[in-house]
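Worth saying up front: this structure is predicted, and the values here are computed from it rather than measured.
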Amino acid sequence: MNPAIHPIALVVFGACFLLVTVAGFLASRWRTADLNSLEEWGLAGRKFGTLITWFLIGGDFYTAYTVIAVPAALYGVGAYGFFAIPFCILLYPYMMLVLPQLWAVCHRNGYVTLADFVRGRYGSRALSIAIALTGILATMPYIALQLVGMREVIAALGISGELPLIVAFVILAAYTYTSGLRAPAAIAIVKDVMLYIMVLAAIVVIPAKLGGYGHVFAAAGAALKLHTPPGSLILPSSQYLSYSTLAFGSALGIVLYPHSITGVLSSSSGRVIRRNAALLPAYNLLLALIALLGFMALAAGIHTANTSSVVPLLFVKMFPDWFAGFCLADWRRSPGSGGYHVDRLGEPVYPQPLWRAAASQDDSRRGVAQR
């Protein structure tokens, strides 16, 4: 049975969607440049300073995965879902030490993607094509997760079917195609302000309605014991190794996703990247608070076989319709979510590496400047 339609939430959701859509199209006029240049379209001319880079990379790292999958994991299995917290902690020292050097080489040689970097360093057309294709294939499941998040948000508002998802995707694709990286950068500011408002409201209002955090943890612990297999609030010793290796591997991989490396290479300097490595942990604090929404959903009596729908259902149940619509609009997470990653899959992942890597190898022998 389909959930009831929430008209007020739908109106607020639609208004927020319209706001980010207009911002996305107007972004093409921001720092006007020749968007026929791949460097301008895909990297915004490498001109983003500390604040814009902070919003943009934050939107890259903390997507619908953050607000859908992490609480869903805690709802389903308990403490194991917290692996996303240490993996982001491990990420930032790596970002501080390695990525400024990568940025310097790419800036000096005009590389737009990792495939360009690999081709320039090793002079191998085949290897650069392999890197480009690996980036595309690795992004596919990531995109799928974002689309699942968008679908669950729309379903929680009472709208079923694939048409709304298709319409949202087409609009997102259109403004990203028109404005390039400037569109998600502009929208990231609006989206992340909404995210902070949403989380601050959730961690205060929802526990207050449920009787406090003590009751939330007690009720969540009791509910997890009834799962098959049982979950727990505390990580069992049998999961220590898998938990730690999952966190470590995820930390190494996240910055090499095409959409993440694009945000890094669009920075104006290596110093900007270092500053962001120091500032981005603020998002990690937010992530820890978002994760607790899974326990809150257990305490609130949310029952569903589809864990991806847990937090949208929680918000619809616990907040007034107008604020639920506001929160779910942020989950549509224009720059950091499904449509954004789908759009950016074709940003600098395809045009340069595959086209140029398949061309002559003459300029790939630059071996040049990689040290």
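- Hydrophobic clustering keeps Val272 apart from Tyr92 (ILVMFWY residues linked when any side-chain heavy atoms are closer than 4.5 Å, directly or through intermediates).
- Of the possible polar contacts, one joining the Arg182 side chain to the Glu40 backbone as a donor-acceptor pair under 3.5 Å is found.
- Aromatic ring orientation, Phe83 versus Phe87: parallel (interplanar angle below 30°, classes split at 30° and 60°).
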**OP:** For the pair Tyr243 and Tyr240, evaluate ring pair (Phe, Tyr, Trp, His ring centres under 6.0 Å) and give the outcome as yes or no after the intermediate values.
**Re:** CA-CA 5 Å; Tyr243 180 90; Tyr240 285 176; 8.2 Å; no
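- Counting only distance, with no hydrogens or angles, the side chain of Ser266 and the backbone of Ala44 share no donor-acceptor pair below 3.5 Å.
- The closest side-chain donor-acceptor pair between Tyr80 and Ser242 falls under 3.5 angstrom.
- One N or O on the side chain of Ser179 and one on the backbone of Gly24 form a donor-acceptor pair closer than 3.5 Å.
- Judged by distance alone, the side chain of Lys209 and the main-chain N or O of Met318 form a donor-acceptor pair under 3.5 Å.
- Side-chain N or O atoms of Asp321 include none that pairs as donor or acceptor with a backbone N or O of Ala9 at under 3.5 Å.
- Of the possible donor and acceptor atoms, one in the side chain of Tyr213 sits under 3.5 Å from a partner among the backbone N and O of Ile203.
- With Tyr75 contributing its side chain and Ile302 its backbone, the two residues share a donor-acceptor pair below 3.5 Å.
- Counting non-hydrogen atoms of other residues, nucleotides and ligands closer than 6.0 Å to CD1 of Ile197 gives a total above 12.
- Side chain of Thr178 to main chain of Ala174: a donor-acceptor pair is present (N/O by atom type, distance under 3.5 Å, no hydrogens or angles).
- Proximity of a side-chain donor or acceptor of His227 to a complementary backbone N or O of Gly76 within less than 3.5 Å is detected.
- A distance-only check finds no donor-acceptor pair linking the side chain of Trp103 to the backbone of Ile273 [under 3.5 Å].
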